[in-house]
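Right, one structure below, let's go through it.
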Amino acid sequence: MAAVAQCVRAAVRPRYPLLSFSLRTSPRLLCVATQQKNTGQNLEEDQSQSQNEQKVEPSSAEKILTEEKAKLEEQLKEVTDKYKRALADAENVRQRSQKLVEEAKLYGIQSFCKDLLEVADILEKATESVPKEEIKDENPHLKSLYEGLVMTELQIQKVFKKHGLLRLDPVGAKFDPYEHEALFHAPMEGKEPGTIALVSKIGYKLHGRTLRPALVGVVKDA
């Protein structure tokens, strides 16, 4: 008890010297007051520490939210890129499909045209084989036959042209390996080297695509 009273007097004496005498009679009360004061200080310190922790906690939460935002933005970017690539691939497929359909419409008759080219070649040879001097009124049957062959040949060429099939008769033109097939090369006086001097077989193109190259003879340097 004496020690407690001494402790209390030491705590109170600097501020309340006049109460030192009265405190001698109630040391236990003063001790309790001192403990309450210390408890109040501890509570204030705990509250201050709690406030500091609360200030730190929002910073950690904000950091977590920032990281989550960055992850979501990255995921959104990846999904957007995948979506754009998917759209581009779909557009490429659509364009290729449309091109295939258009080519099928244009070149679907390619095999049929190749077969008809043989017919056209036969008609051309037939008209060329008829002697021109024999085509006269004295030979009405030969004349009628020849005129019928010529009309048939003209009609078939009109049908070819209607469907985009054009003749290649390149005499005097520059040799083109995409349109012509060289049977021989020979020097010819008065002809420019690299040009076509003779066409052995007429070629054809279907809508700008070579269906059958013309068989030709090409001039070369002497």
Side-chain angles (χ1 to χ4, degrees), residues 81 84-222:
D81 291 341
K84 290 181 179 179
R85 286 196 294 268
L87 284 180
D89 292 340
E91 180 63 20
N92 291 335
V93 171
R94 187 191 67 80
Q95 291 180 358
R96 285 196 296 269
S97 300
Q98 184 177 0
K99 184 178 180 181
L100 289 174
V101 170
E102 291 176 354
E103 288 183 351
K105 291 179 179 178
L106 290 175
Y107 304 109
I109 60 173
Q110 181 170 321
S111 298
F112 180 67
C113 289
K114 280 185 176 181
D115 293 337
L116 285 180
L117 294 184
E118 300 299 327
V119 178
D121 292 340
I122 293 172
L123 286 173
E124 184 176 4
K125 289 180 180 179
T127 54
E128 290 177 354
S129 63
V130 177
K132 300 297 185 293
E133 62 275 8
E134 297 295 331
I135 304 172
K136 49 188 178 180
D137 295 335
E138 286 77 8
N139 288 324
H141 299 292
L142 180 61
K143 183 178 179 182
S144 298
L145 179 61
Y146 175 78
E147 290 177 351
L149 291 173
V150 170
M151 291 176 64
T152 303
E153 185 181 4
L154 292 175
Q155 185 62 33
I156 199 171
Q157 291 299 327
K158 287 182 180 179
V159 173
F160 285 173
K161 187 175 181 180
K162 178 181 178 181
H163 292 279
L165 187 62
L166 302 177
R167 283 167 56 99
L168 292 176
D169 191 4
V171 176
K174 283 283 186 181
F175 177 76
D176 185 350
Y178 295 102
E179 297 182 355
H180 314 136
E181 182 178 343
L183 295 177
F184 62 89
H185 293 77
M188 292 187 181
E189 187 177 354
K191 300 287 185 179
E192 181 182 356
T195 59
I196 296 172
L198 176 68
V199 176
S200 175
K201 193 173 186 179
I202 297 294
Y204 285 88
K205 294 178 72 174
L206 179 62
H207 295 292
R209 178 187 294 180
T210 301
L211 183 63
R212 188 183 73 183
L215 303 181
V216 299
V218 184
V219 179
K220 71 174 184 178
D221 293 328

How many angstroms lie between atom CG of Leu123 and atom CG of Leu154, to the nearest 0.5 angstrom?
10.5 Å
Nearest heavy atoms of Ala197 and Val219, plus distance in Å:
CB-CG2, 3.6 Å
Polar contact flag, side-chain donor to acceptor under 3.5 angstrom, Gln157-Glu153:
no
Stepwise side chain to side chain contact (heavy atoms under 4.5 Å, CB included) test for Leu87 and Lys84:
CA-CA 5 Å; Leu87 284 180; Lys84 290 181 179 179; 5.6 Å; no
Take atom NZ of Lys161 as the centre, draw a 6.0 Å sphere, and report whether it contains more than 12 heavy atoms from other residues, nucleotides or ligands.
no
Check for a donor-acceptor pair, side chain of Arg167 on one end and backbone N or O of Lys205 on the other, with a separation under 3.5 Å.
no
Between the CZ atom in Phe160 and the CG atom in Leu206, the distance rounded to the nearest 0.5 Å is 10.5 Å
State whether the side chain of Asn139 and the backbone N or O of Ile135 hold a donor-acceptor pair below 3.5 Å, judged by distance alone.
no
Between Tyr146 and Lys132, does the side chain to side chain contact (heavy atoms under 4.5 Å, CB included) criterion hold? Intermediate values first, please.
CA-CA 10 Å; Tyr146 175 78; Lys132 300 297 185 293; 3.6 Å; yes
Report the C-alpha distance between Asp169 and Lys201 in whole Å, list the side-chain angles of each, state the deciding distance to 0.1 Å, and finish with yes or no for salt bridge (charged side-chain N to carboxylate O under 4.0 Å, His left out).
CA-CA 8 Å; Asp169 191 4; Lys201 193 173 186 179; over 6 Å; no
What I want to find out is whether Asp89 reaches Arg94 closely enough, with some N-O distance under 4.0 Å, to be called a salt bridge.
no
Just so I know, are the side chains of Thr210 and Tyr204 near enough to count as touching, which here means a heavy-atom distance under 4.5 Å?
no
What are the two closest heavy atoms between Val199 and Pro170, and how far apart are they?
CG2-CD, 3.6 Å
Atom pair CD1/CG of Ile196 and Leu168 - distance to nearest 0.5 Å
9.5 Å
Backbone N or O of His163 within a donor-acceptor pair of the His207 side chain at under 3.5 Å?
yes
Using a cut-off of 6.0 Å, state whether more than 12 heavy atoms not belonging to Glu133 lie near its atom CD.
yes
Are any of the side-chain heavy atoms of Gln95 and Glu91 separated by less than 4.5 Å?
yes
Electrostatic pair Lys143-Glu134, nearest N-O below 4.0 angstrom:
no
Do Glu128 and Glu124 make a side-chain contact, defined as non-hydrogen atoms from C-beta onward lying under 4.5 Å apart?
yes
Between Pro187 and Lys220, is any pair of side-chain heavy atoms under 4.5 Å apart?
yes
Applying side chain to side chain contact (heavy atoms under 4.5 Å, CB included) to Val218 and Thr195, what does each step give before you reach the verdict?
CA-CA 6 Å; Val218 184; Thr195 59; over 6 Å; no
Out of curiosity, Met188 CE to Leu198 CG, how far, rounded to the nearest 0.5 Å?
6.5 Å
Would you give the length of the straight line joining atom CD of Glu181 to atom CZ of Phe175, rounded to the nearest 0.5 angstrom?
8.0 Å
Tell me whether the NZ or CZ atom of Arg209 lies within the 45° cone about the ring axis of Tyr107 and under 6.0 Å from its centre.
yes
Side chain proximity check, Ile202 to Leu215, heavy atoms < 4.5 angstrom
no
What's the separation between atom CG in Leu165 and atom NZ in Lys114, rounded to the nearest 0.5 Å?
11.5 Å
List the steps, then state whether side chain to side chain contact (heavy atoms under 4.5 Å, CB included) holds for Val216 with Ser200.
CA-CA 6 Å; Val216 299; Ser200 175; over 6 Å; no
